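So the structure is just underneath, and the comments pick up after that.
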Amino acid sequence: MIRLGLIRNPKSTRNKGGAGGDLREQAAHLLGFYFAEPATPEELAETLADFARNEVGIVVVDGGDGTVREVLTALPKAYGDENLPAVSILASGKTNLIAADVGTSGHGMKGFSRLMENARNGTLGSHIQRRPVLEARWDDDSHAPVRGTFLGAAAFTKATALAQEKVHAKGFNNNAAVALTLAGTLYRTLFGNDPDRLLDGEPMTVVPDGSNSPQGNRFLFLATTLHRLVMGLWPFWGNGEKPIRYLDISAHPERLSRAVLPLMKGKPTDWMLADGYRSGMASEIRMELTRPFIMDGELFEPGPGGVVRLSTPAVIDYVVP
């Protein structure tokens, strides 16, 4: 039987206030040493190093996108990129984009019970979704590399702040949060006189695979290694086999109100392709930024040098019962 280790974030939305107490007790009882609630990155690193020494083959993450990002970031030091464990997600965060793509057994006791049942009958690991990790690496080494699956900058950074202040605070999470954040941002931009000056964009250079890139501010930049988002949203297009999908929109995009629906479905019109709406696939993307970006829900500064490179140095197998 493949050995399981469980990392639980008690601060995740569905775990707060004693929620998931039954799971905590059962996991501690059944897994013993292989159950942990690390409170700091240092404790997480120590836990994963112990898992690696004891040949834990599946790391179960009980948390949201941010918790998964922290685990993905810490795994290489513990296991090495050549021996990474599989990951299984108990989706319990404010947003669970990763779980929505690769799958989840659920959350709480129901999800944990499904995992344990499949582990006992030997079927756990028979259903796998494989995804490259998206790594952000700072040229000036002002920050350690971060690994995740979804990155956004410019309007996306401001939209995330809006979600945290006005959407999540009112109890909306997951699909509802994504929908309300998108609707609110577009409404303020298109019909509210753009009070946040999102249309002005931010100074940014985006260079996919060393190609020539238009100069000037960006209204929106997204990059992901996921294969789908929530609610049928997929603002990417282009063919190929490269692992990073990206969307790159210049400041003051032409006819934005008309572009919204085809943009959200990844089906651009001919005039969009000629008017600053760019998307494609890449193996590496070089970004020059002056303002923060978001990786799986967390804000990161670009550092003094302002150059951040995106790549996919490893692949993760996500296990679903």
Side-chain angles (χ1 to χ4, degrees), residues 97 134 136 149-160 162 178-179 181-294 302 306-312:
L97 283 180
L134 181 65
T149 62
F150 190 94
L151 179 145
F156 185 82
T157 302
K158 294 181 179 179
T160 300
L162 175 66
V178 173
T181 299
L182 177 62
T185 301
L186 290 174
Y187 182 85
R188 289 164 67 86
T189 301
L190 297 173
F191 308 111
N193 297 319
D194 192 21
D196 303 305
R197 302 188 68 83
L198 295 180
L199 291 174
D200 288 347
E202 295 181 1
M204 186 184 306
T205 300
V206 177
V207 184
D209 289 333
S211 63
N212 292 327
S213 178
Q215 299 298 308
N217 286 13
R218 260 52 178 192
F219 166 65
L220 178 65
F221 176 74
L222 303 175
T224 188
T225 53
L226 298 175
H227 288 184
R228 65 173 181 149
L229 304 180
V230 296
M231 301 175 62
L233 300 177
W234 190 247
F236 307 100
W237 57 88
N239 298 317
E241 300 296 328
K242 295 180 179 181
I244 305 174
R245 297 176 184 269
Y246 67 89
L247 175 71
D248 178 18
I249 303 179
S250 297
H252 293 283
E254 297 290 333
R255 294 174 277 184
L256 179 58
S257 59
R258 290 179 56 190
V260 168
L261 289 180
L263 178 63
M264 292 297 96
K265 295 294 183 181
K267 297 181 179 179
T269 61
D270 290 341
W271 64 261
M272 288 173 61
L273 299 177
D275 286 336
Y277 297 84
R278 297 174 292 276
S279 183
M281 306 177 76
S283 297
E284 181 178 282
I285 298 176
R286 182 180 186 271
M287 304 186 301
E288 294 182 16
L289 311 97
T290 60
R291 298 179 186 175
F293 62 91
I294 300 288
V307 177
V308 178
R309 296 179 189 271
L310 305 181
S311 63
T312 56

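Hydrogens, waters and symmetry mates play no part in the numbers below; they use all other heavy atoms, side chains included. Keep in mind it's a predicted model, so treat the numbers as computed, not measured.
- No side-chain heavy atom of R309 sits less than 4.5 Å from a side-chain heavy atom of I285.
- Residues L222 and F150 form a side-chain contact, since some pair of their non-hydrogen atoms from C-beta on lies under 4.5 Å apart.
- In this structure, R278 and S250 have side chains that are in contact, with non-hydrogen atoms separated by less than 4.5 Å.
- Using a 4.5 Å heavy-atom cutoff, the side chains of P235 and L229 are in contact.
- Looking at heavy atoms from C-beta onward, T225 lies in side-chain contact with T149 at the 4.5 angstrom threshold.
- Legend: salt bridge (charged side-chain N to carboxylate O under 4.0 Å, His left out) pairs involving residues 253-274, not counting sequence neighbours, sorted by first then second residue: R255-D275.
- Nearest heavy atom pair, residue G201 against residue R291, reads O-NH1, 4.2 Å.
- At least one side-chain heavy atom of R286 sits under 4.5 Å from a side-chain heavy atom of V307.
- A distance of 5.5 Å separates NZ of K158 from CD of E202, quoted to the nearest 0.5 Å.
- In this structure, Y277 and W271 have perpendicular ring planes: the angle between them is above 60°, well past the 30° mark.
- Sorted by first and then second residue, the salt bridge (charged side-chain N to carboxylate O under 4.0 Å, His left out) pairs with a member in residues 223-246 read D209-K242; sequence neighbours excluded.
- Listed here is the closest heavy atom pair of P302 and T290: CG-C, 3.8 Å.
- Interatomic distance, OH of Y246 versus CE of M281, reported as 10.5 Å (0.5 Å rounding).
- Taking OG of S213 as the start and CD of E288 as the end, the distance is 9.5 Å to the nearest 0.5 Å.
- The side chain to side chain contact (heavy atoms under 4.5 Å, CB included) test with M272 is passed by exactly one of L256, I249, L263: L263.
- Contact between I244 and S283 at its shortest, heavy atoms only, is CD1-O, 3.7 Å.
- Interatomic distance, T157 OG1 to L220 CG, rounded to the nearest 0.5 Å: 9.0 Å.
- Side-chain contact between L134 and T224 is absent, with no heavy-atom pair separated by less than 4.5 Å.
- Note that the CZ atom of F219 and the CG atom of L247 stand 9.5 Å from one another [nearest 0.5 Å].
- W237 is listed as a side-chain neighbour of L273, based on a closest heavy-atom distance under 4.5 Å.
- Interatomic distance, L261 CG to T269 OG1, rounded to the nearest 0.5 Å: 11.5 Å.
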